[in-house]
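From a predicted model like this one, the values you see are computed outputs, not experimental measurements. Counting convention: from 1, in listed order, for ligands and their atoms alike.
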Amino acid sequence: MSPSTTVHRFDFLVIGSGIAGLSFALKAADIGTVAILTKKKSADSNTNHAQGGIACVTSSEDSYDYHIRDTLEAGAGLCNEAAVRRIVEEGPPRIRELIELGMTFAERENGHRGELDLGKEGGHSKRRILHAKDVTGREIEKALLGAVAASPNIRVFENHVCVDLITKHRVGYSTANRCLGVYVLDTSTGMVETFAAPVTLLASGGCGKVYLYTTNPDIATGDGVAMAWRAGVPVANMEFIQFHPTALFHKDAKSFLVSEAVRGEGGVLRNRKGEPFMDKVHPLKSLAPRDIVARAIDAEMKRTGAPCVYLDITHKSADWLRERFPSIYEKCLSHGIDMAKAQIPVVPAAHYQCGGVVTDIDGRTSLPGLWAVGEVAHTGLHGANRLASNSLLEALVVAHRAFVAIQKGEPTPPWTNMLPGWEVGSASDPDELVVIYHNWREIRQLMWDYVGIVRTTKRLRRAATRLRNLEAEVQDFYWNHKLTADLIELRNLVLIASLIVDSALSRRESRGLHYTLDFPKPDTDVPPVDTVLHPSL
Ligand code: SIN
C-alpha cells in the first residue's frame, strides 16, 4: 500500500467553477485561502452554456409577488415557499454585485438606452430575464473568472476530478461526523491528492450526462450528489429531471440548446404539417411551462412518428435575429438552417436536475463542514419543475447566504492536520476500457428509453434491475483498477441513475416533471411531499 503524499490545506474548498462556486469563492477569499477544484478548464461549467439569463425582478411592471407566483405555479405544489420568497427578494443586490464585477447585461435600444432589456421565457407572466443576448452564461463566467484571476487568495486547480469527500468517520474517528475535505485525482499526473479544509462547498452542477441526449456539457455527471450521498447526506426530488423542449435536432449538433427566449420573442412550435400544436395544450401555448411543452412535443412525435418538431421564428428578420440571438443564429446557419427563412428542427433533451443534495436556504447540508449551492443542491426553490432562468439567481443568492452563514459560525477544526492520504493499494491499470465505455453508453441509453419524459412503473422497474447489475460491475471495476476520470464519472453516473429511478418509483403520482402513465394525475388526497432518500452507511 502506498498512500499518496500530497496534502493541500486551505480555508475553503470549492468544487466546481460555475456561477455558484466562483461567486462564493470571491467572497470567501476576503477572509481566507480558497482552492477551486475543477474537472477540466475553469470555464467548463453548466453556467457557461446558459443562454437565457437570470430571472430577477427589476422592472416597475413586475413585482416580487408575480415572480413568486410564477415560480410556485411552475413548481406544481412542491416549492418551499419561504425559500422561493427569500431567493426572489434577495436577487437585486446580487445582480448589482455581478454588474460591479464587470458583467454587462443587454440594454434596450431606440430611446431606451440605460434600461435593461428583459427577456421572457416559459411560465413567466412578465418580462424579467436579464441577459447578454444568447451568451449570458459565457459573459457571467468571463466576469467572475476575471475577478478570480485577480484574487491573490484563490488558487484554481484545473484537471482535478474529485473522487470522494473525506469525513471523520471515513478516516476512522468515531466522534461526531464532519467533512474534512476531499480526495482528488489530478488527471495530469494520475495521482490522488488530499485537499483539506474546514469548509467544503459543492458547486459541481447537475447530471445531464446520465441521459443519452442532453443540453449539458460533458462535465455534468452528478459528481456532487454522488459524493454527498456516499458521505451519508440525504438527497431529495431526484425524479424531477427537466427536459428542455428545444435542443437543435441535427446529427452533428450534439444537443445544442435553442433558448426558450426564442419562444419568448414569438417563436411558435409546429408539427411536421405546420400546425401550432401547443395552441390546444395550454393557454400560454408555445410558452407554457417546460414540463408541459416537453411532454406535448414527446406526444406529438409519438403520435405522428416524426423524429422532431419545428420552431418557427421566421416572422423576425435576419438582422433582428442575428442581433438578439447571435450564437443560435450562427449555429443554425452552420448546419444549413437560416432561422429567418426556415423552421428550426428541435427535440427535447435532458437539461436540469431540480432535486439534489438536501440543504437549507443557506446551502448548509446535514454534514457539518459540507455546503452545497446551485444545481447540485435542493433548497426547495424549484419544486417539481424549475421556472426558466431561476437557477442562476438561486446560485448567486444562496452562495452569498452560505458565505454569510459560514462567516458567522463555522469553526476551524484542529484535526484537519491528521488526515491519512489516499491508499493506492494494488489496483492495476484498467485493462478492459471497453467495460467503462460500454457501461457508460448502456446507462445513458436505458435512462433515455426507460426513465425519460413519460414513464411507467414497468419500465422504471426494468431500469432499476439493470442498474443494480451495472452498479455491482462498476463497483468491482472501481476497487480493482487504478482511477481514471472516466471511471470516477461512471461510478457517479450509475449511482445517480439509481437515485433517479428509486425516487421516480417512490412517487406514486404524476407531478411537474415526473409523469407516469400508471398514476397520470397528482395525488390530491394528501399534501404534496418531497421524495427524500437517506443513504444507509
Ligand atoms: C434557455 O435559454 O432556454 C435556458 C434557460 C434555463 O434553462 O433557465
Side-chain angles (χ1 to χ4, degrees), residues 18-20 45-56 67 70-71 74-75 87-88 91 95 105-106 117-124 127-141 205-208 211 213-217 220 240-249 253 255-269 284 286-294 297 311 313 321 324-329 331-332 339 344 346-354 356 374-375 381-383 385-397 512-513:
I19 186 170
S45 64
N46 273 356
T47 301
N48 207 34
H49 288 244
Q51 294 181 352
I54 308 187
C56 187
H67 189 176
D70 293 347
T71 303
I87 290 169
V88 164
I95 296 291
F105 290 104
D117 183 51
L118 300 175
K120 197 155 187 260
E121 292 179 9
H124 287 273
R127 284 191 170 265
R128 63 168 72 97
I129 318 292
L130 282 71
H131 63 90
K133 303 194 171 166
D134 60 358
V135 287
T136 312
R138 199 174 75 196
E139 293 303 304
I140 290 174
E141 280 286 299
C207 66
Y211 284 94
Y213 301 111
T214 176
T215 60
N216 292 182
F240 298 119
I241 300 293
Q242 186 169 69
F243 288 78
H244 196 290
T246 59
L248 180 59
F249 177 70
S255 302
F256 177 79
L257 182 68
V258 180
S259 175
E260 202 156 87
V262 174
R263 279 173 284 136
E265 298 299 345
V268 174
L269 287 164
L284 290 171
S286 293
L287 257 197
R290 265 185 205 172
D291 54 334
I292 293 164
V293 181
I297 294 177
L311 180 55
I313 184 128
L321 289 168
R324 175 63 180 89
F325 299 115
S327 157
I328 299 170
Y329 189 87
K331 183 75 177 182
C332 287
M339 61 196 270
I344 309 167
V346 289
V347 282
H351 183 62
Y352 196 87
Q353 164 196 304
C354 293
E375 188 172 351
L381 172 70
H382 306 310
N385 176 37
R386 177 184 67 109
L387 184 68
S389 288
N390 262 358
S391 38
L392 298 182
L393 178 74
E394 179 190 47
L396 280 178
V397 170
L513 296 159

Quiz item: Just checking, is any N or O donor in the side chain of Thr215 or His351 under 3.5 Å from an acceptor N or O on the other one?
Solution: yes

Practice problem: Step by step, work out the side-chain hydrogen bond (donor to acceptor under 3.5 Å, both in side chains) result for Gln242 and His382. | Solution: CA-CA 10 Å; Gln242 186 169 69; His382 306 310; over 6 Å; no

Quiz prompt | Geometric N/O contact Arg290 with ligand 1, under 3.5 angstrom | solution = yes

Quiz item: Which atoms of ligand 1 have any heavy atom of Glu260 under 4.0 Å away?
Solution: 1 (C), 2 (O), 3 (O)

Quiz item: Do ligand 1 and Ala388 have nitrogen or oxygen atoms that lie under 3.5 Å from each other?
Solution: no

Quiz item: If you count the atoms of ligand 1 from 1 in the order shown, which ones are under 4.0 Å from a heavy atom of His351?
Solution: 4 (C), 6 (C), 7 (O)

Quiz item: With Asp70, which of Arg386, Lys120, Arg128 fulfils salt bridge (charged side-chain N to carboxylate O under 4.0 Å, His left out)?
Solution: Arg128

Quiz prompt | Glu121: numbered ligand 1 atoms lying under 4.0 Å from its heavy atoms | solution = 5 (C)

Practice problem: Report yes if Ser389 has an N/O atom closer than 3.5 Å to an N/O atom of ligand 1; otherwise report no. | Solution: yes

Self-check item: Cationic N near anionic O, under 4.0 Å, Glu141 to Arg138
Solution: no

Quiz prompt | Protein contact to atom 2 (O) of ligand 1 [nearest heavy atom, distance to 0.1 Å] | solution = Ser259 OG, 2.6 Å

Quiz item: Between Glu265 and Arg127, is there a side-chain N and carboxylate O pair less than 4.0 Å apart?
Solution: yes

